[in-house]
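Report on the following structure.
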Amino acid sequence: TSMKKLVSTLSMIVVSLSLSAQIEWNVKAGVGMSNLASMDKMTSIFSYKAGVGMDIPLHKHWAIQPTLYYSPKGAKFEAYYGGEQIYEGEFKYRLHYLELPILAAYKIEVEQTAILVLKAGPYLATGLSAKCSVKTPTCNDFHQTFKENLFAEDGKYDEISYLNGEHTPLNTKKFQRLDMGIEAGVDLLVNHFMIGVEIAFGLTPLSNNLMNKKPKNIGGYLMFGYQF
């Protein structure tokens, strides 16, 4: 497919650049918030990501920065759950991805030991698992994670989950496993230690019909790292 060809081409570019340049390795981790854009019912949830990356210099100021992240994302929303008795509940999607941003970075020397890095570029991600859970505070704090991996199968949610008080079923088709988008950020690198912020905007819908919408992943993170 065209997506697989794109992934293969980007991988070949990174490998060829890394063979001809002085690579610096780094480890990064960040905490922040994620949500699903275009969904009125959704609100943000706590998210994080962690990974290993490379800094591949192209020029005095320019570099390519691929990083492989483990990156959980998602969102939460209010709906209803129950059999004979229906309760208001907080539903949460937790989407686990393996993510590869490949960013172009421009470096500005602020001081002798401090470098400001401006970066932006595409990311590709593949879904590992997608789970939905429900919590009903008014029913003894009942909590349950539904069995379905929504990247692999449709969501039935015990067939007793509803979008509204009129018993409209909360059923979903399986989610799109492949995600692609744009990432941008700013880092400050001081004596090998880095701190920065990153934002990511998905371009491919998680689903073509989730509550009559086409949601896309969005997120923002405060990042920390060390460059070897």
Side-chain angles (χ1 to χ4, degrees), residues 7 10-11 13-15 17-37 42-76 92-129 179-204 206 216-228:
V7 173
L10 289 174
S11 300
I13 292 173
V14 170
V15 170
L17 287 172
S18 64
L19 291 175
S20 61
Q22 184 64 41
I23 300 173
E24 293 182 304
W25 291 86
N26 57 66
V27 291
K28 298 179 182 178
V31 294
M33 304 295 288
S34 67
N35 204 341
L36 292 173
M42 299 290 178
T43 55
S44 299
I45 63 171
F46 172 80
S47 292
Y48 64 93
K49 61 181 179 178
V52 179
M54 295 186 291
D55 184 278
I56 307 171
L58 302 177
H59 183 265
K60 180 181 178 181
H61 294 290
W62 288 96
I64 297 294
Q65 295 185 341
T67 305
L68 186 63
Y69 285 115
Y70 168 64
S71 178
K73 304 178 183 182
K76 63 183 179 181
K92 182 186 295 184
Y93 288 124
R94 177 59 81 177
L95 316 171
H96 299 264
Y97 288 96
L98 196 62
E99 183 175 288
L100 177 65
I102 303 177
L103 309 183
Y106 184 77
K107 302 178 181 181
I108 304 169
E109 187 172 320
V110 181
E111 294 183 1
Q112 189 173 357
T113 58
I115 298 174
L116 186 67
V117 183
L118 311 176
K119 57 188 182 180
Y123 76 79
L124 298 169
T126 183
L128 303 175
S129 72
D179 184 28
M180 182 172 64
I182 299 295
E183 187 171 303
V186 180
D187 290 334
L188 181 63
L189 180 63
V190 181
N191 291 329
H192 297 282
F193 292 93
M194 66 178 71
I195 183 171
V197 293
E198 293 181 357
I199 55 174
F201 300 92
L203 299 178
T204 55
L206 177 66
K216 300 173 184 177
N217 285 306
I218 56 173
Y221 305 88
L222 176 63
M223 302 295 299
F224 304 91
Y226 184 84
Q227 186 158 293
F228 298 98

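In this text the structure is predicted, and so the values were computed from the model without any measurement. Computed from heavy atoms alone, side chains included, the values below leave out hydrogens, waters and symmetry copies. Along the sequence shown, residues carry numbers from 1.
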Restricting to non-hydrogen atoms, name the atom on [X] and the atom on [Y] that form the minimum distance, rounded to 0.1 Å.
X      : Y      : result
Glu109 : Gln112 : OE2-CA, 3.9 Å
Ala104 : Ile64  : CA-CD1, 4.3 Å
Asn35  : Ser44  : ND2-OG, 3.2 Å
Leu222 : Gly196 : CD1-O, 3.4 Å
Ile45  : Ala75  : CD1-N, 3.6 Å
Pro66  : Leu100 : CB-CD1, 4.4 Å

Is there a side-chain contact between [X] and [Y] (heavy atoms, below 4.5 Å)?
X      : Y      : value
Glu183 : Leu103 : yes
Tyr93  : Met42  : yes
Ser47  : Arg94  : yes
Leu128 : Tyr97  : no
Asn217 : Leu36  : yes
Val190 : Leu188 : yes
Lys28  : Met194 : yes
Pro57  : Ile23  : no

Donor-acceptor pair, side chain of [X] and main chain of [Y], under 3.5 angstrom:
X      : Y      : answer
His192 : Gln227 : yes
Thr67  : Pro101 : no
His61  : Lys107 : yes
Thr204 : Met180 : yes

Do any side-chain atoms of residues 113-124 form donor-acceptor pairs under 3.5 angstrom with protein atoms, and if so which ones, sequence neighbours left out?
from	atom 1	to	atom 2	distance (Å)
Lys119	NZ	Asp187	OD2	2.6
Lys119	NZ	Glu198	OE2	2.8
Tyr123	OH	Asp179	OD2	2.8

Got a second to check how far [X]'s [atom1] is from [Y]'s [atom2], nearest 0.5 Å?
X      : Y      : atom1 : atom2 : result
Ser71  : Leu98  : OG    : CG    : 9.5 Å
Phe228 : Met54  : CZ    : CE    : 14.0 Å
Ile182 : Ile218 : CD1   : CD1   : 15.0 Å

**Study point:** Intermediate values then yes/no, side-chain contact (heavy atoms from CB on, under 4.5 Å), Tyr70 and Glu99
**Key:** CA-CA 6 Å; Tyr70 168 64; Glu99 183 175 288; over 6 Å; no
Check your understanding: Does Lys49 make a cation-pi contact with Tyr221 (under 6.0 Å, within 45 degrees of the axis)?
Key -> yes
Practice item. Check whether NZ of the Lys or CZ of the Arg Lys216 lies under 6.0 Å from the centre of the six-membered ring of Phe201 and within 45 degrees of that ring's axis. Key: no
